[in-house]
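Accompanying notes for the structure given below.
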Amino acid sequence: MTVPPPSTPSADAIVLDSVTVRAEDGRALLSEISLTLTERRIGVIGPNGAGKSTLIRLINGLTTPAEGTVRVDGLALPKEKQAVRRRVGFLFQNADAQIVMPTPLEDVTFGLKPLKLGKEEANRKARASLSRFGLEGFEDRPAYLLSGGEKQRLALAAIVAMDPLILVMDEPTTMLDLAGARLFRRLVAELPQRVILATHDLAQLAGFDRVLVVDGGRIIQDAPPDAAIAFYEALVAERERVQ
């Protein structure tokens with residue numbers, strides 16, 4: 001079930017209208033996706049290669065549609081990409097892809113440069129964000145020595161310090177153990193931002209408002225978490241049965 005965009009989209013909506021994304025060889029990675037996303041917590045699930053990452057990367061312009069339009073809170077992509085990226089923070093699966101400075105404090109402070117804060121204010125804001133995500137006392141440690149969970153929290157701290165309105169996360173708990181995944185879930189639940197989370201860890205979707213099931217480049221279910229997860233589990237079970 002796909003939810004079509006309203007004729008007059010809300011200013012606080014992410015709207016995909018008839019979006020198709022193609023690979024370099026012309027294959028459709030996503031086909032004719034139309035969605036209006038307004039909920040505070042939205043999950044995206046589906047098999048590997050289904051198109052989950054491609055879908056969420058549309059939201060901050062990491063992926064550009066071959067056909068159709070994408071608007072984020074009234075801003076058109078890719079035309080207004082920089083304005084959208086000030087609103088939308090993106091957390092990758094592998095935190096090492098986002099940590100660019102030698103220490104946590106330097107990394108978060110570096111991310112704040114576009115805000116043009118004074119040195120003292122940037123330092124204060126960076127330290128507050130590190131503390132918020134359980135990294136107080138880690139400010140000057142070598143980032144490469146952090147555990148997987150600590151690195152993921154550092155990446156999250158750097159994004160949240162920039163005060164985005166929307167957080168998009170691409171399978172952020174894939175490399176975490178059970179304790180790390182549970183901590184990450186609690187941290188996400190406390191965030192004031194809107195969150196769009198692509199995941200294979202269905203437990204991360206507890207308390208979410210809406211879940212999209214993606215398969216073969218299309219949205220094949222769009223429902224509250226319990227119904228969407230049950231639909232997806234039944235789909236997986238059926239495919240296992242016929243193999």
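Contact check for Val44 versus Val214: side-chain heavy atoms found under the 4.5 Å cut-off. Leu187 has its side chain within reach of Arg153: a pair of non-hydrogen atoms, C-beta onward, lies under 4.5 Å apart. Counting only heavy atoms from C-beta outward, the side chains of Val188 and Leu197 never approach each other to under 4.5 Å. Side-chain contact check for Leu191 versus Leu167: some heavy-atom pair is nearer than 4.5 Å. Between Ile14 and Arg71, every side-chain heavy-atom pair lies at or beyond the 4.5 Å cut-off.
For the residue pair Glu106/Thr109, the side-chain donor-acceptor check at 3.5 Å is not satisfied. In this model, no donor atom of one side chain and acceptor atom of the other lie less than 3.5 Å apart for Asp140 and Thr103. Looking at Asn123 and Glu120, their side chains never bring a donor and an acceptor atom within 3.5 Å of each other.
Gln204 contributes atom CD, which lies 5.5 Å from atom OG1 of Thr199 (distance to the nearest 0.5 angstrom).
The ring pair (Phe, Tyr, Trp, His ring centres under 6.0 Å) test applied to Phe92 returns Phe90, not counting sequence neighbours. Take Arg85 and apply the side chain to side chain contact (heavy atoms under 4.5 Å, CB included) test, not counting sequence neighbours, and it matches Asn60, Leu62, Lys81. Residues passing the side-chain hydrogen bond (donor to acceptor under 3.5 Å, both in side chains) test with Gln193, sequence neighbours excluded: none. By the side chain to side chain contact (heavy atoms under 4.5 Å, CB included) test, Ala237 pairs with no residue at all, sequence neighbours left out.
A donor-acceptor pair is defined here as one N or O able to donate and one able to accept, closer than 3.5 Å; such a pair exists between the side chain of Asp107 and the backbone of Met101. The closest donor-acceptor contact from the side chain of Asp17 to the backbone of Gly68 lies at 3.5 Å or more, if one exists at all. Between the side chain of Arg210 and the backbone N or O of Pro224, no donor-acceptor pair lies under 3.5 Å. At least one donor-acceptor pair closer than 3.5 Å links the side chain of Gln152 to the backbone N or O of Pro172. In this structure, Thr63 contributes its side chain and Arg57 its backbone to no donor-acceptor pair below 3.5 Å.
Between Lys125 and Asp163 there is a salt bridge, since at least one side-chain N of the basic residue sits less than 4.0 Å from a carboxylate O of the acidic one. With respect to the salt-bridge test (charged N to carboxylate O, under 4.0 angstrom), the residues Arg132 and Glu190 do not qualify.
Taking both residues in full, the closest heavy atoms of Pro78 and Thr64 are given as CG-CG2, 4.3 Å, listed atom of the first, atom of the second, then distance. The two residues Ile159 and Gly89 come nearest to each other via the heavy atoms CG2-CA, 3.7 Å. Looking at every heavy atom in both residues, Val213 comes nearest to Ala228 through CG2-O, 3.7 Å. Taking both residues in full, the closest heavy atoms of Leu130 and Val108 are given as CD2-CG2, 3.8 Å, listed atom of the first, atom of the second, then distance. Closest of all the heavy-atom pairs between Thr38 and Arg194 is O-CD, 4.3 Å.
Connection of Ile219 to Leu30 is established within a shared hydrophobic cluster, with ILVMFWY side chains joined at heavy-atom distances below 4.5 Å, either directly or through further cluster members.
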Donor-acceptor pairs under 3.5 Å, side chain of residues 173-181 to any protein atom, not counting sequence neighbours: which ones?
from: Thr174; atom 1: OG1; to: Glu171; atom 2: O; distance (Å): 3.1
from: Asp177; atom 1: OD1; to: Ala179; atom 2: N; distance (Å): 3.4
from: Asp177; atom 1: OD1; to: Gly180; atom 2: N; distance (Å): 2.7

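Put simply, the residue from Thr36, Thr69, Leu55 that forms a side chain to side chain contact (heavy atoms under 4.5 Å, CB included) with Leu16 is Leu55.
Taking Ile, Leu, Val, Met, Phe, Trp and Tyr as members and joining any whose side-chain heavy atoms lie under 4.5 Å apart, directly or through other members, the hydrophobic cluster of Leu112 also contains Leu115, Leu117, Met162.
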